[in-house]
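The shown structure was predicted, so the numbers you read here are calculated from the model rather than taken from an experiment. The figures that follow rest on heavy atoms only: side chains count, while hydrogens, waters and symmetry mates do not. Letters A, B, ... mirror the listed sequences (proteins, then strands); counts begin at 1.
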Amino acid sequence: MLRLLFYLLIVKPFLLLAAGVAVRGRERLPQRGPALIVANHNSHLDALVLAAILPLRLLPRIRAAASAEYFLRGRWRSWFARRVVGIIPVETKGGCPHAEVLGEVRDALAAGEIVIFFPEGTRGEPECLGKLKSGIVWLAQELPMVPICPIRLRGLGKVLPKGDWLPVPFFCDAWVGEPLRWEGDRQRFMAALAANLSGTL
Amino acid sequence: MSVMLTSPVLAILGGVWGLLALATGVAWWIAPAPDSELRQRVRSWWLIVALCSLALTFNRAAALVFFGFVSFLALKEYLTLVPTRQADRRVLFWAYLSIPLQYYWIGIEWYGMFIIFIPVYLFLLLPVAMVLVGDTQGYLRAAGTLHWGLMSMVFSLSHVAFLLVLPQGQYPQVSGPGLVLFLLLLTELNDVGQFCWGKLFGRHKISPTVSPNKTVEGFVGGAATTVLLSALLAPWLTPFGLRDALLAGGLIAVAGFFGDLSLSALKRDLGVKDSGALLPGHGGILDRVDSLTYTAPLFFHFTRYLYF
């Protein structure tokens, strides 16, 4: 309930004013869980935008994988991130096995949820796709039946870039690509994903 | 204070709705596919006409908020299109904040501030904000593009809204919404007229490098239609006699043409076809208000100088 109000009364009006995201290929968005939404990552707004462009009825099933070190710092931020935004905390330090880091993400998908996942692992320079980490391959291998929906975002890194708190309005775009599935070839999978997220398809 | 409504405004708005219904019928007939560009374009026109009708008939505050919002969307689309420096984020934020102020000056009818706020104060102050940030790489380009955007999207467009507060009862049949309706209707019909005349009879390109679809025949036919419409509508909505009605029609036709060309040149410079995706079938909001950025200030000062 709190999440629904937060999205309807704050996130959606704010995004409409500050971003105004034009969605291309809306018909390719998943209509039910489980689904893995993967996108390039430049702004704190990315996860909110992705949750807001999906059908509202899916909202209770949407989670976003997010850095545990950042979002679980402080009691209020942690409560807000978990309860209102609905994050799944992920340790991004590295060095641990995938099953340990992404286990909760896999379990959420197995339970039919829609998970927003940024394969770059962190926010990078606007309009410049960073190196994709291997976590996405592990997830795709673990759950080969879960459709992977690639979405390229543009402009949000200008609205609210890394290291700034003041949002400045710009129009933004979201391109929804054809769903990807794991077919056993790691290199082809990563190439297709990178092409979708950088718009060089 | 609510806007004084005269019945000609309502009658002509009714005529616009009728015309649009007719256009919708024609579009259904010649373009049966529901997602064809023509059908999308007509659907967007319904949205524009509905919002303008509401803004013009509700009250002055609603109209000011509406036109302020149009300025906001136009400036946002412009700043999305042109290259901006990350160092100027805060300066751009201040530039956005100038919109409510500019429309506030109109609300309190402070003409002196309305007319110099952007051309003088912001022209001087925003570069100061940029200098304080301290990035000199691309300084002239950043300051220049920002001021161009503010002048076109905020200063020029806000002249539409100042028409609302111009009449003070000197001419009993003339109301603010009437003047705005006259300007908007003639500007948009001039666009449509030049487009239709060009489609039907266009042979000689008028500006091959900037906008290859524009033709001498389209311009002349559209301008003649606009002058004629001006003469027909002026007695109902404006204080103009016949001579000034013809002049105003000609002014809007020529200004609208160059406003359109000016934005075409900008889009060509940046290598984009449409300015955005806000109005399906039209493109972005700049594709719709391009002519208005020229007609609004010129029509406003023509009217104010001669009559108010």
Side-chain angles (χ1 to χ4, degrees), chain A residues 11-29 39-46 48-50 52-53 122-130 151-177 199-200, chain B residues 34-35 40 44 65-66 68-100 126 129-130 133 142 145-146 149-150 153-154 267 270 272-289:
Chain A
V11 175
K12 289 210 173 206
F14 169 78
L15 288 177
L16 201 65
L17 214 62
V21 182
V23 185
R24 322 289 163 89
R26 193 181 281 276
E27 68 282 355
R28 292 195 281 269
L29 285 171
N40 54 323
H41 197 21
N42 295 311
S43 168
H44 278 325
L45 298 176
D46 292 342
L48 296 177
V49 165
L50 293 170
I53 64 177
T122 183
R123 293 169 298 162
E125 288 296 306
E127 328 313 341
C128 176
L129 188 68
I151 300 182
R152 176 160 76 97
L153 299 170
R154 188 179 71 183
L156 291 152
K158 278 166 84 181
V159 177
L160 189 67
K162 194 173 185 167
D164 206 337
W165 56 269
L166 180 75
V168 175
F170 290 98
F171 278 101
C172 302
D173 301 281
W175 285 271
V176 185
T200 50
Chain B
D35 52 355
Q40 287 186 356
S44 293
V65 169
F66 173 73
F69 206 69
V70 171
S71 273
F72 169 70
L73 291 175
L75 184 66
K76 185 173 153 190
E77 202 167 87
Y78 172 78
L79 290 176
T80 304
L81 280 177
V82 300
T84 51
R85 304 183 301 174
Q86 186 153 4
D88 292 332
R89 288 175 45 74
R90 272 164 182 70
V91 184
L92 299 183
F93 188 81
W94 296 123
Y96 278 114
L97 278 190
S98 74
I99 298 172
L126 290 180
M130 283 185 182
V133 174
T145 47
L146 181 57
L150 280 173
M153 312 312 164
V154 186
K267 287 191 294 186
L270 296 169
V272 296
K273 185 179 160 283
D274 289 336
S275 65
L278 204 60
L279 298 169
H282 298 253
I285 192 162
L286 296 186
D287 293 309
R288 200 63 281 138
V289 300

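- Between the CZ atom in A/Phe170 and the CG atom in B/Leu92 there is a gap of 5.0 Å [rounded to 0.5 Å].
- Smallest separation of non-hydrogen atoms from A/Pro169 and B/Tyr96: O-OH, 2.6 Å.
- Using a 4.5 Å cut-off on side-chain heavy atoms (C-beta onward), A/Asp164 and B/Gln86 make no contact.
- The minimum heavy-atom distance between A/Val159 and B/Arg89, with the atom names listed, is O-NH2, 3.2 Å.
- Residues B/Lys76 and A/Leu17 approach most closely at NZ-O, 2.8 Å, considering heavy atoms.
- Residues B/Ala277 and A/Arg24 share a closest heavy-atom pair of CB-NH2, 3.9 Å.
- When heavy atoms are compared at a cutoff of 4.5 Å, B/Tyr78 does not approach chain A at all.
- For a residue to count as touching a neighbouring chain, one of its non-hydrogen atoms must lie under 4.5 Å from one of that chain's; by this rule A/Asp173 does not touch chain B.
- The greatest number of non-hydrogen atom pairs below 4.5 Å with chain A, out of B/Leu79, B/Leu75, B/Leu81, is found for B/Leu79.
- Proximity to chain A involves both the backbone and the side chain of B/Glu77, based on heavy atoms less than 4.5 angstrom apart.
- Residue A/Val23: no heavy atom, backbone or side chain, is found under 4.5 Å from chain B.
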